[in-house]
Amino acid sequence: MKVRHFLFTLLVFSVGYHLSLAQGDLRLHYNQPARNWNEALPLGNGRLGAMVFGRVDEELIQLNEETLWSGGPANLNPNPQAPDYLPKIREALFAGDFETAEKLTQKLQGLFTESYLPLGDVVIKHDFPEGTRYEKYGRDLNISNATSTTQFVVDGTTFIREVFVSAPAQVIVIRVTASKPGVLNFTVNASSQLLSSTEVHGNHLIVSGKAPSHVDPSYQQSGELPVIYNDPLQCRGMRFGMEIAARPTDGSVTVTGNSLRVQNASDVMIIISAATSFNGYDKCPDKDGKDEKAIVKKHLEATEKSTFAELKRLHIDDYAQYFNRVSLSLGNPSIDLPTDERLRKYAEGSADPGLEELYFQYGRYLLISSSRPGGIPANLQGIWNHHLRAPWSSNYTTNINTEMNYWMVESCNLGELHEPLINLISQTSVTGKETAMNFYHANGWTLHHNTDIWATTNPVSGSPSWANWPMGAAWLSQHLWERYQFSADNKFLSKTAYPIMKSAAEFYVDWLIENKDGLLVTAPSTSPENIYVTDKGLKGSVSVATTMDMSLIWDLFTNVIHASWHLNIDEPFRNTLLEKRAKLFPLKVGKKGNLQEWSEDWEDADPQHRHISHLFGLFPGRQISAHHTPELAKAVRQSMDLRGDGGTGWSKGWKINIWARLRDGNRAYKLIREQLKLTGVEGTNYANGGGTYPNLLDAHPPFQIDGNFGGTSGMTEMLLQSHDEFVEVLPALPDAWTSGKVTGLKARGNFTIDIVWKNKKVTDLKVVSAGGGNLRLVSRFPLQGKGIQKASGLNSNPHFRSVKEQGVNPLPPGLFAYDLNTQPGQTYILKGR
Ligand code: FUC
């Protein structure tokens with residue numbers, strides 16, 4: 001009896017264990033239509049975006065096209081007087097006159113960037129009699145096949161709408177079906193908030209329009225009108241077009257007024273094609289624009305002979321090649337409830353690892369849907385925006401938000417999707433060379449806190465606390481280095497990354513100046529977007545050598561030094577950087593034990609400020625590390641405690657990553673729970689900032705997509721880290737994730753890694769080495785397997801780090817280190833002991 005009971009338990013346990021390691025339901029689903037945009041569901045193919053509301057009688061699908069922006073090529077010299085002011089500002093700063101410096105810094109400013117715009121709305125209006133009741137309602141977004149379905153029953157007939165946005169076909173596909181033959185009767189309408197007209201041609205609906213020549217940011221108005229269409233030179237204001245076809249398998253489609261009318265059908269496919277005349281950041285989008293009408297037609301016509309099933313299969317095949325590379329399972333229990341209810345319960349404290357898995361994968365889903373090779377990078381809202389004047393112009397804010405969008409692109413095995421950002425960086429390195437010369441008489445390229453589809457790089461007008469931050473070139477250059485680190489692609493390093501990184505470094509070599517102690521400092525210098533209080537009680541933002549400036553320059557110089565070693569080129573310039581880096585104003589620990597944000601040990605006007613810019617060196621930088629610089633890491637921890645766990649959505653996203661790098665899994669997990677708190681619906685007033693809307697999009701508030709991506713990055717950092725000259729498995733596992741499995745994560749050096757763990761201990765590890773080379777593995781638990789050898793220290797993996805700089809760090813107690821000499825294309829299976 002006893003033995004049988006034992007065997008039974010064993011069986012249940014092992015079955016249960018394996019079951020619990022399956023990835024959960026990857027669907028967002030709801031029992032009611034979206035009441036507002038924050039409940040609608042996002043679909044996209046990188047270029048075209050659709051927000052599906054799932055309404056019953058008047059379905060609303062809000063549309064975007066990623067290149068639809070206001071304006072035209074940037075004015076590269078908007079403030080020719082600027083360079084005159086730099087010496088005066090420096091003089092004031094070195095005399096300790098911060099007030100004058102702050103005022104003069106505003107003379108170093110120029111025009112605002114342009115705005116990302118909404119494309120239009122498509123409405124499908126059913127002929128249900130007024131007051132018609134519906135039942136058995138459900139809508140979902142399945143992120144394993146990037147399809148949204150809405151289903152309901154009216155008078156015993158089941159109506160189903162499926163929507164996806166196809167990358168191979170470059171169109172939006174909608175299918176409407178009814179379970180009874182011939183009962184589908186509806187009209188299709190299209191409109192745009194922009195200057196446009198709608199006409200019908202045959203059975204097609206055509207919208208043609210023109211974007212404004214300028215749109216002011218939502219937080220300022222420069223002229224009489226914030227939205228301007230005037231474009232005498234045909235160089236500011238692109239054209240756009242959209243064409244919609246309804247293709248019923250039975251019944252008829254006709255035209256009434258400006259609508260398509262479908263009658264007595266049972267199965268209808270609606271195809272939406274859209275494009276703009278945008279033809280590159282440096283081309284007049286109207287006069288020298290693309291023929292958007294021809295592009296629209298081409299995509300629409302190419303689908304003419306396709307069935308819905310064929311289009312759907314091609315769409316899923318394309319999407320799955322990215323999505324299926326990574327799986328995550330964090331064990332049971334999972335709550336089987338509509339997503340909004342799940343979020344509500346989660347906010348009340350319920351365990352729901354399935355929701356955490358879904359949130360992790362949602363970040364990957366959103367990037368696959370908003371950032372495709374050949375396209376434009378994911379902006380502040382990805383590609384999903386319905387505002388004429390979007391919050392912060394929905395542009396690229398480079399003092400945190402744009403980079404955060406791409407923190408997980410490499411580690412989550414989506415490396416190719418980094419390309420749009422890398423292209424934008426390459427464009428800003430051209431315009432930014434003009435800005436560096438025109439504003440500062442400096443060499444190299446620079447970029448300030450905002451950019452847009454026109455690769456604008458100048459400082460905009462406003463508070464210097466955000467406008468006068470010439471550090472974007474340093475931060476963005478990190479993405480070039482990371483792309484190389486993860487791909488180990490030497491050609492990319494030598495042809496694309498290195499020249500741009502080097503040119504950025506040339507700018508900062510010119511930008512740095514010596515202080516009276518012979519140290520290299522930046523001046524003027526800000527710490528985005530924080531305000532200091534000096535010992536005399538003066539509040540300001542402009543000072544000398546903020547920690548973030550110094551850390552960004554350290555990061556860039558180090559990456560350029562390492563890249564030049566790898567490529568074995570540019571020795572004299574490398575020596576200059578080595579010399580300059582050694583003289584950088586150092587990081588300092590303040591009286592509270594914190595990492596100082598300012599070069600002086602000043603107070604912050606807002607001690608809980610959302611930006612944690614001074615902690616860049618720990619994440620996403622590598623200057624500070626829990627392993628290699630424990631004292632500085634301790635100061636970071638203290639700074640994090642002083643800042644607290646509140647903040648906007650992206651702020652919490654950053655904090656997850658910081659706690660993961662501090663190797664504190666439980667604190668990182670606390671921030672995940674903070675970030676996932678339901679907001680934006682009745683009864684969820686969340687005083688602490690941030691949160692998640694019912695559609696799982698991140699709330700700044702308002703919606704910003706960076707928090708989603710930052711959250712996914714943070715969860716990845718909890719499971720695998722590789723910035724520190726070795727690959728550490730499960731560096732920050734929280735107690736809540738006792739057992740789990742992750743597959744397909746990427747480590748620097750181009751290794752793909754699967755990890756299974758139980759009771760927080762690694763049980764199985766699989767490594768696929770794409771390019772070969774030594775892999776140094778570090779774990780809190782011993783590992784065994786063919787080919788691994790014990791290592792005695794934490795020092796470098798020459799495959800992706802520079803051995804020339806490593807100190808030998810002995811293995812701290814409680815850690816195990818191994819070397820695995822890998823061959824290209826080989827798989828290695830290791831076990832926990
Ligand atoms: C920075 C942040 C704001 C906002 C904006 C888009 O300016 O400080 O919180 O996220 O970017």
Side-chain angles (χ1 to χ4, degrees), residues 69 109 112-116 215-220 370 377-385 387 389-407 421 424 447-453 456-472 475-476 526-532 541-542 546 548 552 597 604-616 620 643-644 646-658 674-675 679-680 686 688-693 697-711 713:
W69 289 66
Q109 297 179 342
F112 277 94
T113 70
E114 292 299 339
S115 293
Y116 181 55
V215 174
D216 275 338
S218 53
Y219 50 87
Q220 79 110 38
S370 64
N379 63 44
L380 193 66
Q381 298 180 187
I383 48 171
W384 298 279
N385 165 47
H387 301 281
R389 291 174 75 195
W392 295 282
S393 309
S394 196
N395 66 8
Y396 302 100
T397 302
T398 58
N399 67 20
I400 174 65
N401 318 81
T402 304
E403 291 87 354
M404 183 176 281
N405 280 5
Y406 286 87
W407 281 349
L421 181 66
L424 180 65
L447 159 70
H448 295 77
H449 96 300
N450 263 187
T451 188
D452 55 11
I453 197 169
T456 296
T457 44
N458 62 262
V460 302
S461 296
S463 164
S465 69
W466 34 270
N468 291 95
W469 181 81
M471 305 307 296
W475 197 339
L476 285 172
T526 59
S527 190
E529 309 181 357
N530 206 359
I531 303 291
Y532 58 71
S541 65
V542 176
T546 59
M548 184 188 232
L552 281 167
E597 180 157 2
D604 298 320
D606 170 11
Q608 265 109 52
H609 196 268
R610 62 194 180 283
H611 284 264
I612 43 173
S613 310
H614 50 318
L615 311 184
F616 170 89
R643 276 298 210 258
T648 56
W650 60 257
S651 178
K652 289 177 179 168
W654 197 347
K655 287 170 183 171
I656 301 170
N657 289 273
I658 295 268
E674 284 282 326
Q675 189 164 36
T679 192
Y686 183 36
N688 211 11
T692 294
Y693 292 116
L697 289 178
D698 176 69
H700 177 285
F703 162 54
Q704 279 188 202
I705 207 160
D706 41 20
N708 285 96
F709 295 135
S713 164

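Ligands are counted one by one from 1 in listed order, and the atoms in each one are counted from 1 as well.
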key: Atoms in ligand 1 flagged as close to R610, the criterion being non-hydrogen separation under 4.0 Å   = 2 (C), 3 (C), 8 (O), 9 (O)
ask   = Going by distance only, is there an N or O of N401 that falls short of 3.5 Å from an N or O of ligand 1?
value = yes
Geometric class of the Y396/W69 ring pair [parallel <30°, tilted 30-60°, perpendicular >60°] = parallel
query = Does the K655 side chain pair with the main chain of G644, one donor and one acceptor, at a distance under 3.5 Å?
reply = yes
message = Tell me the protein heavy atom at minimum distance from atom 1 (C) of ligand 1, and give that distance in Å.
response = E529 OE2, 3.0 Å
ask   = By number and element, which atoms of ligand 1 are closer than 4.0 Å to a non-hydrogen atom of L380?
value = 6 (C)
Modelled atom types, side-chain donor and acceptor of N385 and S394, under 3.5 Å = no
inquiry  = Tell me whether ligand 1 is touched by W650 - counting only heavy atoms on the residue side and a distance under 4.0 Å.
reply    = yes
key: Ligand-side contact atoms (ligand 1) for residue partner Q704, heavy atom cut-off under 4.0 Å   = 4 (C), 6 (C), 10 (O)
key: W475 vs Y406, ring-ring contact (aromatic ring centres under 6.0 Å, His included): CA-CA, chis, key distance, verdict   = CA-CA 12 Å; W475 197 339; Y406 286 87; over 10 Å; no
ask   = Which protein heavy atom lies closest to atom 9 (O) of ligand 1, and at what distance to 0.1 Å?
value = H700 NE2, 2.6 Å
message = Under the side-chain hydrogen bond (donor to acceptor under 3.5 Å, both in side chains) test against N395, which residue among N450, D452, T456, T451 passes?
response = N450
query = With no hydrogens and no angle check, is any side-chain donor or acceptor of H448 less than 3.5 Å from a backbone partner on W469?
reply = no
Sub-6.0 Å ring centroid separation between W466 and H611 = no
ask   = N/O to N/O below 3.5 Å, does that happen between N399 and ligand 1?
value = no
Taking atom 8 (O) of ligand 1 as the reference point, the nearest protein heavy atom with its distance = H611 NE2, 2.6 Å
